[in-house]
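A short worksheet on the structure shown next.
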Amino acid sequence: MASQSLRFKLYSLLSLPIVALIGLWTFVAGHTLGDFFELSTATAVFEEIGSPATGLVGALQQERRDSALFLSSDRPDAVRLADSRRRTDQAVALFRTMATGERASTVTTEEVRVAVEAVLDGAQGLTRLREKVDERLTNRLEAVQAYGGVTDTVYRLFDQLITVPQVRLFQQAVGLRRIAHAQDLLSREDALVSGAAMSGKLTHDEYEAMEVLSPNRQLLLAEGVATLDAELRAPFERMVDSPDHKQLISLEHEIIEEAELPADRAAWQSVTARLDPALDQLLASRVGLLTERADDSAGGIIATIVIVGGLGLAAILAAVIWSVRLGRGLVEELDGLRGAATDLAEVRLPQLVRRLSLGQPVEAGTPRIAATAATQEVRDLANAFDSVQRTAVQAAVGQAELRQGLNRVFRNLARRNQSLVHRQLGQLDAMQRKTTEPDQLSDLFRLDHLTTRMRRQAEGLVILSGAPAGRHWRRPVAMIDVVRGAVAEVEDYLRVNVQPMPHSTLTGGAAADVIHLLAELVENATVFSPPNTHVNVSGELVARGFAVEIEDRGLGLADAERDEHNRRLAEPPEFDLADSDRLGLFVVGRLAVRHGIKVTLQRSPYGGTTAVVLIPMSLMTDPTSDLAHSRTD
């Protein structure tokens, strides 16, 4: 199973370049294919939306001109206007049917759909506009501008329809759209001037409108023609240089300069009558040519897809064959290296480290990895493994020797201090019996208390070394005596209140360690609480043993810090010399694990900390048994 996993991982590693190559090929092919679909989509969008929208613009332009003539004449031609409106309604109906149909919905984007809705909303407003025209509630300029607002929405729709992926085609499409917009501005000019010619004058507002329409028309036409390439631009350049267009510019200039209709009013009608259909024909022919180019471009894209796909697949196949051959050889070599390294890591090296942790002697040499690979890189890797594990073993040996040396130092110093402290306690006990002076006896009691604390500190060093504390009781000890003995080893023992406890006894073998454990916790409670507060110690029998609670009135611990302390108390780590500030909690954790005692720090109702010590029932004895009042030190 491990060999199969190694083979799978190695082949996976060797497959990364292939995967990258496949990804690159997929990206290139997908990008090229995406261009093809975008061209196809653009063609479909123009057929379903652009073509009926173009027809709608033409109908609106004719209705706009007829409406302007209707408002300008004393004898309006209502039949002609009605016919224009009918053609406009037909164009709107066709546009609505095609632009909102099922086929159009599959190729349009959200932006295009919003633009289509804007055109349809503008078409709905034609009803109110026509009523105003019929009742003559609007003037010529307002009507022309209202129709222009509808055509403007169509040209904004054209902006959303130009989605060809190729930059060159996109530029040509934009250029044609600008020329078409310029033609619409010419239609607006024609509606205003033709209507003014019929009424006999051009109003001031219409003159100002002409000042805007004429330069904008010329600018859009110039920009659109300049954007086109030579083939598309040639007929438009001939149209711009034609006498008709030059005459149109001259007439526009005369109207703007004189603020009046041109002297030869028939010339305007004649010029626009020739230019407007000529522009329509040019735009239609150029759009058809641009569509042919899009079709040719789509054919070129298909050829590119075939070439890219074929070459890419050939390269991928070659890479797969090469990777399989290379991977097979490497798998065999690495499989041997893996087996040797696994045996070293899982069998030989753990046995060596376990012996070091137990203090057992080990051989001077370290196990080596045997690799018989043909590839130099694999042999170098085996040698590197040897170097790493050799350094690790040497470091482990050094750490074990250092730890053992420190333990011996701790134990020797502690034993010497214990011997001196025991002698000092004996001497103090003899002096207390001989002394009857209250003041001297009080001093001796304080000195005895200080010596007891010194004994606890010495026991802490013994515990750090992993040895037993040194003192033990032969008989069970009452829990109240255990708690009092712990309080007696605390400096501020006068601040500790011991509550009454049930009559329970503790095995003599665990009494010394439990006293030390409780003393460390009580001392922490006195140190980390205000000096004017008291520490309460209570105990009771519970279902799983005897619980001792040590509650202080300090500031307490943060939740994260308290959780970290509880984790260390449940699973005490190896003693770290750099972490000597937590020596007391480390000793508590060691003693708790030694006897199966559970120590938990909790938040006190008073804001401080409550230490709960649960002594298991296995350490408790029958309360009716004899209690020991003597111990072996």
Side-chain angles (χ1 to χ4, degrees), residues 456 459-460 462-464 466 468-469 472-473 476-487 489-490 496 498-529 535-552 554 556-576 579 582-606 608-623:
R456 179 164 59 87
E459 287 181 355
V462 175
I463 293 170
L464 290 179
H472 64 274
W473 278 258
V477 183
M479 280 303 303
I480 186 65
D481 293 335
V482 171
V483 173
R484 288 173 178 170
V487 173
E489 296 185 2
V490 177
V496 182
V498 180
Q499 307 294 333
M501 298 182 186
H503 184 50
S504 301
T505 57
L506 182 70
T507 59
D513 288 344
V514 173
I515 290 174
H516 194 125
L517 184 150
L518 295 176
E520 293 288 353
L521 294 175
V522 172
E523 184 171 48
N524 279 346
T526 59
V527 170
F528 294 104
S529 59
V535 175
N536 296 323
V537 182
S538 60
E540 61 178 339
L541 277 171
V542 294
R544 296 188 178 184
F546 193 91
V548 180
E549 294 188 1
I550 303 169
E551 178 187 72
D552 64 46
L557 297 170
D559 293 341
E561 187 177 4
R562 185 171 56 254
D563 293 341
E564 175 65 16
H565 287 332
N566 285 328
R567 187 187 65 79
R568 286 174 171 266
L569 288 172
E571 300 176 359
E574 291 291 334
F575 176 62
D576 188 359
D579 197 16
R582 300 178 181 179
L583 181 61
L585 288 179
F586 178 80
V587 172
V588 170
R590 276 287 183 89
L591 293 176
V593 171
R594 179 182 297 177
H595 296 286
I597 300 172
K598 184 177 180 180
V599 181
T600 307
L601 301 181
Q602 301 176 356
R603 183 185 295 276
S604 169
Y606 302 98
T609 301
T610 299
V612 180
V613 181
L614 179 60
I615 302 172
M617 196 64 72
S618 60
L619 298 182
M620 307 304 295
T621 62
D622 185 2

Leu517 to Ala592 - nearest heavy-atom pair and separation: CD1-N, 3.9 Å

Side-chain heavy-atom pair Ile615, Met479 within 4.5 angstrom cut-off: yes

With Ser529 via side chain to side chain contact (heavy atoms under 4.5 Å, CB included) - residues at least two apart: Arg495, Thr533, Val535, Asp552

Side chains of Thr609 and Gln602 in contact at under 4.5 Å (non-hydrogen atoms): no

Distance, nearest 0.5 Å, that separates NE2 of His595 from OG1 of Thr507: 8.0 Å

Which atom of Thr526 lies closest to which atom of Val490, heavy atoms considered: OG1-CG1, 3.9 Å

Heavy-atom closest contact (Pro502 atom, Gly539 atom, distance): CD-O, 3.3 Å

For Arg603, salt bridge (charged side-chain N to carboxylate O under 4.0 Å, His left out) partners two or more places apart: Asp559

Under the side-chain hydrogen bond (donor to acceptor under 3.5 Å, both in side chains) test, residues paired with Glu551 that sit two or more places apart: Ser604

Spacing of CG belonging to Leu591 relative to CD1 belonging to Ile515, to within rounding of 0.5 Å: 11.5 Å

With sequence neighbours excluded, residues passing side chain to side chain contact (heavy atoms under 4.5 Å, CB included) with Arg567: Glu564

Close side-chain approach of Leu569 to Thr600, heavy-atom, < 4.5 Å: no

Straight-line distance of Asn566 CG to Lys598 NZ, nearest 0.5 Å: 9.0 Å

Distance, nearest 0.5 Å, that separates CD1 of Ile550 from CG of Leu601: 10.0 Å

Sequence-distant partners of Gln499, side chain to side chain contact (heavy atoms under 4.5 Å, CB included), two or more places apart: Asn497, Asn536, Ser538

From CA spacing to verdict: side chain to side chain contact (heavy atoms under 4.5 Å, CB included), Ile597, Leu619: CA-CA 9 Å; Ile597 300 172; Leu619 298 182; 4.1 Å; yes

Nearest heavy atoms of Met501 and Val483, plus distance in Å: CE-CG2, 3.5 Å

Distance, nearest 0.5 Å, that separates OG1 of Thr505 from CE of Met620: 6.0 Å

Spatial distance of atom NE2 (His516) from atom CG (Asp513) [nearest 0.5 Å]: 8.5 Å

Residue list, side chain to side chain contact (heavy atoms under 4.5 Å, CB included) with Ser618, at least two apart or on another chain: Pro616

